[in-house]
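Note sheet for the following structure.
Note that ligands are numbered from 1 as they come in the structure, with each ligand's atoms numbered from 1 the same way. Because the structure is predicted, anything quoted here is derived from the model rather than measured.
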Amino acid sequence: MAAQESNSIIIDSSQSSEEKDAALINELPSALFWDAMEIRKWKGFWFEPGLIKCAMKFSSSFQAGNDDVLLASAPKTGTTWLKALCLCILHQNHNIPENEDLLTQDNPQFHVQTIESSIYSTKPTPDLYSTPSPRLLHTHLPFNLLPNSIMNSNCKIVCVARNPKDTLVSLWHFFNSIFRGNQEPYPLEKAVDEFCTGVHQYGPYFENVLGYWSESQKRTEKILFLKYEEMIKDPKEQVRKLGLFLGKPFEKEEDLEKIVWRCSLERLRNLEVNKNGSVIYGVPNGSYFRKGIVGDWKNYLNLEMEDRINQTTLLKFKDSGLEFEN
Ligand SMILES: Nc1ncnc2c1ncn2[C@@H]1O[C@H](COP(=O)(O)OS(=O)(=O)O)[C@@H](OP(=O)(O)O)[C@H]1O
């Protein structure tokens, strides 16, 4: 009897808070992301409604641990690469099987826990609190939505960012392959326009990147800000920096070289699990590995589109000191 009473109390309170959140989300401005997904604007950024719910819960209740490492990135800026690198660096002394896919949830010991995974994964996702310490976490959420405990603890943040034109082109390819199948690709002019106005999932890209950039300039011991272009140009130097930041400096050059190779696009793309495996919503693992080059946008954007993104970038990043090679 007592158990029943306490059960009904729990259900009632959770229903009412969910209803409250749902009502709040319903009131938010809404738009359609590239003709495929309803997104709503919350605290300055656009997300699908399920993501807002997840972000609300994370922002209000997540307790960071002092040895947590949070990886943060706007979509298509180098997330997959950064995840693989950090896993390898943090587990240097453990024997990660050579052919292990470092990115799926099959091996909880060598896994990056995505904050938003509860809405993306078709499998039950491990609770953030049951992930073994040191926790390696990832989010695409912007800086202003991080819970206070992340900034008030010794938890470190590593952010990766990429030039806007390659980010947009990468996003456009991914989107077309996942959402449009054999249909015509989403018109690129429209994608450029919506990217510049910020009306896309996790957008605006510019503000998402700037939030982390600004904070990384103030708290260098807390946030490391990496650029995809610099990682491509000199992976060893950037991985060395990453190891140092994570408190795992490389003593032997060969260890560093091994990790750079292990996490290379060429190697990851050829792993069996990435050729045939699938993680979320049936999205093939292979779609996270495309060309991985700097300047691929030149193959897709016309002068007008290039100019539009350049002007927006100049305006948004003005006086921030943030620049990208492209
Ligand atoms: N290991 C490694 N090295 C270099 N580049 C890599 C690597 N893994 C993925 N990629 C390229 O990164 C782009 C995908 O970005 P994300 O991993 O951030 O995507 S996601 O947000 O997690 O969906 C996408 O870029 P594009 O090729 O320009 O589309 C991937 O090819």
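Residue T77 touches ligand 1 through its backbone alone, judged by heavy-atom distances below 4.0 Å. Contacts between M231 and ligand 1, counted as non-hydrogen atom pairs separated by less than 4.0 Å, are absent for every part of the residue. Contact annotation: for R267 versus ligand 1, there are no heavy atoms closer than 4.0 Å.
Between F317 and F206, the gap from one ring centroid to the other is short of 6.0 Å.
A salt bridge does not link E230 to K233: none of the charged side-chain nitrogens sits closer than 4.0 Å to a carboxylate oxygen. One finds no salt bridge joining R308 and E189 here, because no Lys/Arg side-chain nitrogen approaches an Asp/Glu carboxylate oxygen to under 4.0 Å. A salt bridge links E253 with K236: the closest approach of a Lys/Arg side-chain nitrogen to an acidic carboxylate oxygen falls below 4.0 angstrom. At a threshold of 4.0 Å, the pair K53-D21 does not count as salt-bridged, since none of the basic side-chain nitrogens sits closer than that to a carboxylate oxygen. Ion pairing between E207 and K316 holds under the 4.0 Å rule for side-chain N and carboxylate O.
Between I157 and L146 the shortest side-chain heavy-atom distance falls below 4.5 Å.
One hydrophobic cluster, built from ILVMFWY side chains closer than 4.5 Å, holds both V199 and F179.
Of the protein's non-hydrogen atoms, R162 NH1, 3.2 Å is the one closest to atom 25 (O) of ligand 1. In this structure, atom 21 (O) of ligand 1 lies nearest to the protein heavy atom K76 N, 2.9 Å. In this structure, atom 18 (O) of ligand 1 lies nearest to the protein heavy atom T79 OG1, 2.6 Å. Protein heavy atom at the shortest distance from atom 17 (O) of ligand 1 is T80 OG1, 2.5 Å. Here the heavy atom of the protein found nearest to atom 31 (O) of ligand 1 is R290 N, 2.8 Å. Ranking protein heavy atoms by distance to atom 7 (C) of ligand 1, first place goes to L265 CD1, 3.7 Å.
Comparing W172, Y202, Y288 by heavy-atom distance to atom 10 (N) of ligand 1, the nearest is Y288.
At a 3.5 angstrom cut-off on N or O pairs, G78 counts as close to ligand 1.
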For this session: Take R135 and D68 through the test salt bridge (Lys or Arg N to Asp or Glu O under 4.0 Å) and record every step on the way to the result.
Result: CA-CA 5 Å; R135 291 183 298 189; D68 286 345; 2.6 Å; yes
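Residue contact annotation: C263 has a non-hydrogen atom under 4.0 Å from ligand 1.
Within ligand 1, the atoms closer than 4.0 Å to a non-hydrogen atom of F289 are 8 (N), 9 (C), 31 (O), numbered from 1 in the order shown. For ligand 1, the atoms closer than 4.0 angstrom to any heavy atom of H140 are 21 (O). Close contacts between ligand 1 and W81 involve ligand atoms 1 (N), 2 (C), 3 (N), 4 (C), 5 (N), 7 (C) [criterion: under 4.0 Å to a heavy atom]. For ligand 1, the atoms sitting less than 4.0 Å from at least one non-hydrogen atom of S264 are 1 (N), numbered in the order shown with element in parentheses. For ligand 1, the atoms sitting less than 4.0 Å from at least one non-hydrogen atom of K291 are 27 (O), 31 (O), numbered in the order shown with element in parentheses. Close approach to Y228 involves these atoms of ligand 1, each under 4.0 Å from a residue heavy atom: 4 (C), 5 (N), 6 (C), 11 (C). Near S170, meaning under 4.0 Å from any of its heavy atoms, are these atoms of ligand 1: 13 (C), 24 (C), 25 (O), 26 (P), 28 (O), 29 (O). Below 4.0 Å from some heavy atom of P75 lie the following atoms of ligand 1, by number and element: 21 (O).
Proximity of a side-chain donor or acceptor of E229 to a complementary backbone N or O of N163 within less than 3.5 Å is detected.
In this pair, W81 and Y228 present their aromatic rings perpendicular. The plane angle is above 60°, beyond the 30 to 60° band.
At least one test fails for R40 against the ring of W46: distance under 6.0 Å to the centre or angle within 45° of the axis.
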